[in-house]
*Asks:* 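Before we start, here is the structure in question, set down as structure tokens.
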Amino acid sequence: MSKKFPDLISAEQYFHSKLFQKKDVRIVRGKGALLYDENGNEYIDCEAGHAVVNIGHSHPKYIEAVKQQLEKLVMISPSYPVDVRYKLLKRLAEITPPSLNQTFLSNSGTEAVEAAIKLALAANRDKKKPEIIAFKRAFHGRTLGSLAMTHNMKYRKPFLPWLTQNVKFASFGDIQSVKELLNKNTIAIFIELVQGEAGVYPAPYDFVKELRELCTENDILLVVDEVQTGFGRTGKMFGFEHYGIIPDAMCLAKAIAGGFPMGAMISSEELFERMLVGEHNTTYGGNPLGCAAANAVLDIIKEEKLVENAARQGKKILSNLHQLAEEERLIREVRGKGLMIGVEYRIKVKDLIRKAQEMKVFLLNAGLTIIRILPPLIINDSQVSKVLEVMHNLFL
Ligand SMILES: Cc1ncc(COP(=O)(O)O)c(C=O)c1O
């Protein structure tokens, strides 16, 4: 290595722009819920690429499915019907409520959210100044439409001149605050049923029920952003299943294709009909390789009962950490659903995460004081025990 770059980590830090702060570990491969560094050290991965690798790393069935498709057909425009895409679209329709029967395939979560914003706007062409209600603490992405609904100033500030003023932020969990913002221009409410990036805040049950009723009564769209909660993460296939509601549209990404970049916006035929051909599209959306990856993910989730495992392991971790919180004064709160877990501390968590890494567990922060635990859904009993042991030993 040169003088300027004593090692590969600092070299990558330089060439990769300054938008990322690099960790001081070089991961070379993954297997299941485990990651391995260049020296052969083994870590339990409780980040899962930010809730992406739900089926675990390097799953043999996933590799085989992607390989086979790679040899057949990687890319063809969405105008050409292909079996592998049809199979995925049909399956998405089957695992969602009957009213959510059509899908737009994108390449990321933010694009799925952008598509839902455009769907809501296209369905309300008559409104002169259409408004959307989003929530305080919400994270919906970083492109300019989704960023307008992302609440944290840390992400918004330099871009405010280009962000629409037509998004109003209600307090999460407070139906009265939603009612106060609702007016004749409101076209949609966007919600994460478990706010993820903010630090894992599950929405209260009654609040979501009331939100659904409010949207129906006022003829506005309820859009659930399941980019992070989707595909078993919360112990149900989708987060809305915890609440017994059916949204008008949902946004998916992250785990959908096991790490292959893909997003999806699912809604009804009736709403999609309000958008005209060409009013929305993307070159790579629905490419056969991504569809093969997503089909493999759905197979693995079903065959290996990963939703059930997420519910079971999540319950175990949560109950253990709730107990720990009773003994450990520095823990302010433990929250979560399934394997989407947040532990809020009374101190900054940077050093705790570092210590966990030394004990061979990767944890993820949310802001300064929250640790997130988001392992692959295939995590097993002994790996969960090890993660809990590390969580108990963070202050030793
Ligand atoms: C709830 C939610 N929506 C949207 C996004 C944006 O997804 P992407 O990073 O794939 O654009 C994220 C990413 O963390 C998210 O958590």
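We count ligands from 1, going down the list as the structure has it; atoms in each ligand are counted the same way. This chain uses plain numbering: 1 for the first residue, then up along the sequence.
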*Asks:* With a 6.0 Å cut-off on the ring centroids, do His280 and Phe104 count as close?
*Replies:*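 Centroid separation for His280 and Phe104: below 6.0 Å.
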
*Asks:* Establish, from distance only, whether the side-chain atoms of Asp248 and Ser268 form a donor-acceptor pair under 3.5 Å.
*Replies:*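 Ser268 and Asp248 do not have a side-chain donor-acceptor pair below 3.5 Å.
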
*Asks:* Answer with side chain, backbone, both or neither: which part of Val227 has a heavy atom less than 4.0 angstrom from an atom of ligand 1?
*Replies:* side chain

*Asks:* What orientation do Phe362 and Tyr43 show, parallel under 30°, tilted 30 to 60°, or perpendicular over 60°?
*Replies:*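 If you compare the ring of Phe362 with that of Tyr43, the planes turn out parallel.
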
*Asks:* Any idea which protein heavy atom is nearest atom 6 (C) of ligand 1, and the distance to it?
*Replies:* Thr110 N, 3.6 Å

*Asks:* Provide, to 0.1 Å, the distance between atom 4 (C) of ligand 1 and the closest protein heavy atom, together with that atom's residue and name.
*Replies:*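 Sorting protein heavy atoms by distance from atom 4 (C) of ligand 1 puts His140 O, 3.3 Å first.
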
*Asks:* Looking only at side-chain N and O atoms, does Gln313 offer a donor or acceptor that is under 3.5 Å from a partner on Asp381?
*Replies:* yes

*Asks:* Less than 4.0 Å between atom 16 (O) of ligand 1 and some protein heavy atom, yes or no?
*Replies:*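 Protein heavy atoms within 4.0 Å of atom 16 (O) of ligand 1 - there is at least one.
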
*Asks:* Is the ring pair Tyr243/Tyr205 parallel, tilted or perpendicular, if the boundaries are 30 and 60 degrees?
*Replies:*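 Tyr243 and Tyr205: parallel rings.
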
*Asks:* Does Gln228, backbone or side chain, put an N or O under 3.5 Å from an N or O of ligand 1?
*Replies:*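 Between Gln228 and ligand 1, an N or O pair is found under 3.5 Å apart.
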
*Asks:* Looking only at distances, can you tell me whether any N or O atom of Lys254, backbone or side chain, sits closer than 3.5 Å to an N or O atom of ligand 1?
*Replies:*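 Such a contact does occur with ligand 1.
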
*Asks:* For atom 3 (N) of ligand 1, which protein heavy atom lies nearest, and how many Å away is it?
*Replies:*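 Protein heavy atom at minimum distance: Asp225 OD2, 2.7 Å.
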
*Asks:* If you measure from each non-hydrogen atom of Glu197 to ligand 1, which part falls under 4.0 Å: side chain, backbone, both or neither?
*Replies:* side chain

*Asks:* Between Phe395 and Leu324, is there shared hydrophobic-cluster membership here, with clusters defined by ILVMFWY side-chain heavy atoms closer than 4.5 Å?
*Replies:* yes

*Asks:* Does NZ or CZ of Arg335 lie under 6.0 Å from the centre of the six-membered ring of Tyr201, at an angle within 45° of the ring axis?
*Replies:* yes

*Asks:* Is ligand 1 under 4.0 Å from a heavy atom in the side chain of Glu192, in the backbone, in both, or in neither?
*Replies:* side chain

*Asks:* What residue and atom, counting heavy atoms only, is the protein's closest point to atom 10 (O) of ligand 1, and at what distance?
*Replies:*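 For this ligand atom, the closest protein heavy atom is Gly109 N, 2.8 Å.
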
